[in-house]
Amino acid sequence: MTALLTILLTGFDPFDGAAENPSRRAVLAVAEGTPPPGTRVVAEILPVSYAHAGAALADAVRRHRPDILIATGLAGGRAEISVERVAINVDDARIADNDGAFRIDAPVIEGGPAAYFSTLPIKAIAGEIRAAGVPAHVSQSAGTFICNHVFYRACHLAATEHRMRAGFIHLPWLPDQGAPSLPLSALVVALRAAIVAARDTATDLAVAAGAVS
Ligand code: PCA
């Protein structure tokens, strides 16, 4: 018998005055369900905080020692599941985090590389999610707020401290939060499909999923 792959999912607390964060609901629901065969799925909720999200993520990675880390967050206004390609070394947002902190053009990690690419099979994941009936695409930017921050830190941990495949998926609003939206059941289907694709795909698909402009 081969060892189970440990999958760490992370979601975020609500932020910017919202009552809920779909990423929190979705990762907890997936971790409570039957895991996809060959995997063990754990979920952790991270604070929407420049100062504390990185330490919370590092602590979760040290405790769970995942083979695969799929961090998730809300991208309000996006209609599809966004499988993120790249994390950049920039904190810069017009809204405050949950500590009331603003950052403008600050590095996520001083002296770190300008960017990290996801080491998840992003195109296979987007395809598997679509095959499960949920709209999904590869996204070329995770923004420059806390989601990009955690995505960058996840990649940095994978490069410097704990060998794992790591990436980020943005989720739309839930139906009671705004439009466009997807129901929680679709978010759960999508994250389970992402786990299966990451489990089964060593080398990503050579299909176009970029943006012309
Ligand atoms: N979305 C925000 C931060 C937390 C979340 O769920 C973002 O996209 O940066």
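These numbers were taken from a predicted model, which means no experiment stands behind them.
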Cut-off 3.5 Å, no hydrogens considered: what does the side-chain donor-acceptor table look like for residues 85-95, sequence neighbours left out?
residue, atom, partner, partner atom, Å
R85, NE, Q140, OE1, 2.6
R85, NH2, Q140, OE1, 3.4
N89, OD1, V108, N, 2.7
N89, OD1, I109, N, 2.9
N89, ND2, I109, O, 2.9
N89, ND2, G112, O, 3.3
D91, OD1, H149, ND1, 2.9
D91, OD2, R103, NH1, 2.9
D91, OD2, H149, ND1, 3.1

Notebook entry, point to check: Between L69, I68, V27, which is the residue that forms a side chain to side chain contact (heavy atoms under 4.5 Å, CB included) with L9?
Noted result: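 Among L69, I68, V27, the one meeting side chain to side chain contact (heavy atoms under 4.5 Å, CB included) with L9 is V27.
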Do [X] and [Y] sit in the same hydrophobic cluster, where Ile, Leu, Val, Met, Phe, Trp and Tyr count as joined when their side-chain heavy atoms come under 4.5 Å apart?
| X | Y | answer |
| --- | --- | --- |
| V48 | L28 | no |
| V61 | L5 | no |
| I169 | V42 | no |
| L74 | Y50 | yes |
| Y152 | L46 | no |

Check: Who passes side chain to side chain contact (heavy atoms under 4.5 Å, CB included) against D204, sequence neighbours left out?
Finding: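 Here the qualifying residues are P121, I122, K123, A124.
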Check: Mind checking what makes side chain to side chain contact (heavy atoms under 4.5 Å, CB included) contact with A58, not counting sequence neighbours?
Finding: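 If we apply the side chain to side chain contact (heavy atoms under 4.5 Å, CB included) test to A58, skipping adjacent residues, the hits are R62, L157.
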Mark yes or no for whether [X], through its side chain, and [Y], through its backbone, hold a donor-acceptor pair below 3.5 Å.
| X | Y | result |
| --- | --- | --- |
| T6 | D67 | no |
| N98 | P14 | yes |
| T10 | I45 | no |
| T201 | T203 | no |
| R199 | P37 | yes |
| T39 | V41 | no |

Below 3.5 Å, can you tabulate the donor-acceptor pairs from side chains in residues 127-137 to any protein atom, sequence neighbours excluded?
residue, atom, partner, partner atom, Å
R130, NH1, A136, O, 2.8
H137, ND1, E80, OE1, 3.2
H137, ND1, I81, O, 3.4

Next item on the list: Return each pair, listed once, that meets salt bridge (Lys or Arg N to Asp or Glu O under 4.0 Å) where at least one residue sits in residues 11-24; pairs must be two or more places apart or across chains.
Entry: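 Salt bridge (Lys or Arg N to Asp or Glu O under 4.0 Å) check on residues 11-24 returns E20-R24.
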Who are the side-chain hydrogen bond (donor to acceptor under 3.5 Å, both in side chains) partners of [X], not counting sequence neighbours?
| X | result |
| --- | --- |
| H162 | R65 |
| N21 | S23 |
| D59 | R63 |
| S49 | D99 |

Next item on the list: Can you sort out the partners of E84 under salt bridge (Lys or Arg N to Asp or Glu O under 4.0 Å), two or more places apart, ordered by chain and number?
Entry: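 Residues passing salt bridge (Lys or Arg N to Asp or Glu O under 4.0 Å) with E84: R78.
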Item checked: Pairs meeting criterion ring pair (Phe, Tyr, Trp, His ring centres under 6.0 Å) with involvement of residues 169-213, two or more places apart ->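 Pairs touching residues 169-213 that pass the test: F168-H170.
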For [X] versus [Y], what's the shortest heavy-atom pair and its separation?
| X | Y | result |
| --- | --- | --- |
| A166 | A154 | CB-O, 4.1 Å |
| A26 | L171 | CB-CD1, 4.1 Å |
| V150 | A53 | CG2-CB, 3.7 Å |
| P22 | P172 | CG-O, 3.4 Å |

Note to self: Would you compute the distance between atom CZ of R40 and atom CG of L8 and round it to the nearest 0.5 angstrom?
What the structure shows: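 So the gap between those two atoms works out to 9.5 Å.
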Item checked: I70 CD1 to M164 CE distance, which is reported to the nearest 0.5 Å ->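 Taking CD1 in I70 and CE in M164, the distance rounds to 12.0 Å.
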Pairs under 3.5 angstrom only: tabulate donor-acceptor contacts from the side chains of residues 178-192 to other protein residues two or more places apart or in another chain.
residue, atom, partner, partner atom, Å
R192, NH1, T34, O, 2.5
R192, NH2, T34, O, 3.4

Next item on the list: Return the orientation label for the F145 and F15 ring planes: parallel under 30°, perpendicular over 60°, tilted otherwise.
Entry: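 If you compare the ring of F145 with that of F15, the planes turn out tilted.
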Next item on the list: Check the pair S118 / F151 against side chain to side chain contact (heavy atoms under 4.5 Å, CB included), numbers first and verdict last.
Entry: CA-CA 8 Å; S118 174; F151 181 15; 3.9 Å; yes
